[in-house]
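In what follows, a structure is listed as structure tokens, so that the remarks can point back to it.
Order of the sequence lines fixes the chain letters, A, B, ..., with proteins taken first and strands second; residue numbering starts at 1 for each chain. Owing to the predicted nature of the structure, the values given are computational and were not obtained by experimental measurement.
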2 protein chains.
Amino acid sequence: MNEPDWNLYRTLLAVLETGSLSAAARTLGLTQPTVGRHVDELEQALGHALFTRSQQGLRPTDAAQALRPYAESLSTTAAALLREASSAIGAVEGVVRISASDVIGVEVLPPILSQLQAAYPRLSVELSLSDTLQDLLRREADIAVRMTKPRQDALVARHIGTIELGLHAARSYLDRKGSPADLKALTEHHMVGFDHETAFIRASIEIIRQQAPDFPQNLHWTYRTDSNLAQLSAIRAGAGIGICQVKLAQRQPNLVRLLPDFSLSLDTWVAMHENLRQSPRCKAVFDALCEGLIDYVRSA
Amino acid sequence: MNEPDWNLYRTLLAVLETGSLSAAARTLGLTQPTVGRHVDELEQALGHALFTRSQQGLRPTDAAQALRPYAESLSTTAAALLREASSAIGAVEGVVRISASDVIGVEVLPPILSQLQAAYPRLSVELSLSDTLQDLLRREADIAVRMTKPRQDALVARHIGTIELGLHAARSYLDRKGSPADLKALTEHHMVGFDHETAFIRASIEIIRQQAPDFPQNLHWTYRTDSNLAQLSAIRAGAGIGICQVKLAQRQPNLVRLLPDFSLSLDTWVAMHENLRQSPRCKAVFDALCEGLIDYVRSA
DNA sequence: TGGTGTCTATTCAAAAATGAATGAGCCGGA
DNA sequence: TCCGGCTCATTCATTTTTGAATAGACACCA
């Protein structure tokens, strides 16, 4: 039995993502019959049924689900290959894909990246807002800005510094509700916070417990979202008191820091796949990111 | 511009590996003209020359070299996908690829694996003898036996125990040359050791320095090889005194341990990609490997 | 209930990819 | 020096893959 055509994996992934032959055909620029034939061919080659056909689409079997991560890995690697090929050798041009948290991506990176693009006009930047380090290994991004120290051997990481977090609220909110005199008074306020308790959140809560034993346990969470960015917007809009970056709040005239003794800090890192050190375009972006973020962290 | 056919990457890799269109065509089961056309097509799609043609083969350009790791990653991932597809859902069958050092692979694993295959007749094991942890992330193997603690987040690792290393020689050698009375006497002997000084070797030398200050600096290395397995064979054949696993030497009637106060220890780990925990065939092999190796380490 | 949207399956002609054969250049050994 | 080995390039017939069109089945909505 010969190795199946690698294109079959691409159409497999498209069918998994879209849920139907027709939709997959549209995204792939093929037609529904060919996509169907690809699936048939792959099923025959692998010896498993991959989908149960029905008139309103295909439902993937467990076998297809098991193969999905591999197909995704193929797809991201192929995309990374194309990015690598997007630049001439030795030139700072082409596409670089950056991954960062939403707040960093929206509030901090734009000036840094626009300056970078002024310096290298033939450079394109793709920005993916997500928070896992996995995506560097899977090559979903070339460079990542992260708040945890990368522990992967295959990554190059540079430590940027520490970002300070503090409690903030909008003036409009404080005009209505007044300012809390101490941490215990927070129970009387509307709080903006996280929706789901991730490992990172649990760790943060632990740190808060240690550093600020007065921090109340049961707060009145009136606005919960897992997006830091949405939290920031909510605080700005006067929805309540929440935690955000101190440096960021200083730039916003209508945000006030509360109880400045309460403070959390986030270590910040910029990480990149080791292989990409050879690539001038990635190295240029890496260096510019480090420089710009260090400026941001140290800014008064 | 459309995304290039993924098959083009496969032929690119084959051409890079074989060094000629014709040879690549043979390994791919295609013909030389099609391989040539694939390369042309890819060059056009990427906008780079990938090879400089000549009558005695193709020389890859820097651009092609830069793409090589990506193509290799595609290839290993496609192979991993096929392995995953080689087993029915929930069944312990199909192909599992194990990576281990040469000594472990040749001397320790066979009984463990043959027992495993007796338990699961539809299971196939591929054994790759290499020593880097990288290959797990690149999916070059499903499971690895390693002598260093894995630091990758994406890996599941289990600690097996400590393997003791000691100085050994064959009786035939000792009959000719006599036994060294102490470490200093090693300078009078033929020694079997490593060829290149890797990071691991340097670390080991450092440990030796600390634990055995008497260990001579300048030994008479008469047999150098980077393969542990070849070292073991050389010691067995009476080429000289060398370091090998104590447990392993105990099984060999003609090997004698020398200066038993001298001892090194290696921490042993079995590691696997986190995703594969879902896969019964990998989990079964992982568990069997752990059990078998623990038995080996603890055996009298 | 009938119309419209979605989906998959099938057929058949057109387009694309492939292979066999051949030519030409280079290298090394007899 | 010639021969056999290897290489890549080119041509043309054949095979394979693809797409357009169509039919049938289901779901939703007026």
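Contacts between residues 13-21 of chain B and DNA chain D, defined by a heavy-atom separation under 4.0 Å, are made by B:S20, B:L21.
Listed here is the closest heavy atom pair of B:P110 and B:I104: CD-O, 4.3 Å.
Summary of the strand contacts: B:R26 and A:E41 both lie near DNA chain D, and taking for each the nucleotide with the nearest heavy atom, the more 5' one is attributed to B:R26.
In this structure, B:F51 places its CZ atom 16 Å from C1' of D:dA9, rounding to the nearest Å. Atom C1' of nucleotide C:dA17 and atom CG of B:L8 are separated by 12 Å, given to the nearest angstrom. We find that CD of B:Q44 is positioned 12 Å from P of C:dA17, with the value rounded to whole Å. The distance between atom CZ of B:R59 and atom P of D:dC8, rounded to the nearest whole Å, is 13 Å. Atom-to-atom, CG of A:D5 to P of D:dT16 comes out at 14 Å; the value is rounded to the nearest Å. Per the geometry, CG belonging to B:L30 stands 18 Å off P belonging to D:dT15, to the nearest Å. One interatomic measurement links the two molecules: CG of A:N7 to C1' of D:dT16, which rounds to 14 Å at whole-angstrom precision. The CD-C1' distance, from A:Q32 to C:dT6, rounds to 12 Å in whole Å.
For the pair A:T34 and D:dT18, the criterion of a side-chain N or O lying under 4.0 Å from OP1 or OP2 is not met. Regarding contacts with the backbone of D:dT17, every side-chain N or O of A:H38 stays at 4.0 angstrom or more from both OP1 and OP2. The side chain of B:S22 contributes an N or O atom lying less than 4.0 Å from OP1 or OP2 of D:dC8.
Between B:R53 and B:D40, at least one side-chain nitrogen of the basic residue sits less than 4.0 Å from a carboxylate oxygen of the acidic one, meeting the salt-bridge criterion. Between B:R83 and B:E140, no side-chain nitrogen of the basic residue sits less than 4.0 Å from a carboxylate oxygen of the acidic one, so the salt-bridge criterion is not met. Using a cutoff of 4.0 Å between basic side-chain nitrogens and carboxylate oxygens, B:R37 and B:E43 are not scored as salt-bridged. The pair A:K283-A:D142 fails the salt-bridge criterion, with no side-chain N (NZ, NE, NH1 or NH2) lying under 4.0 Å from an Asp/Glu carboxylate O.
Scanning atom types as modelled, no donor and acceptor separated by under 3.5 angstrom connect the side chain of B:R53 and the base of C:dG25.
Among residues two or more places apart in sequence or in another chain, the salt bridge (Lys or Arg N to Asp or Glu O under 4.0 Å) test is passed with B:R68 by B:E72.
The number of heavy atoms from other shown groups lying within 6.0 Å of OH (A:Y223) does not exceed 12.
Ranking D:dA20, C:dA20, D:dC8 by closeness to the A:T31 side chain, first place goes to D:dA20. Here the side chain of A:R37 is nearest to one of D:dT18, D:dA9, C:dT8, namely D:dT18. Comparing D:dA20, D:dC8, D:dT7 against the side chain of B:A23 picks out D:dT7 as the nearest.
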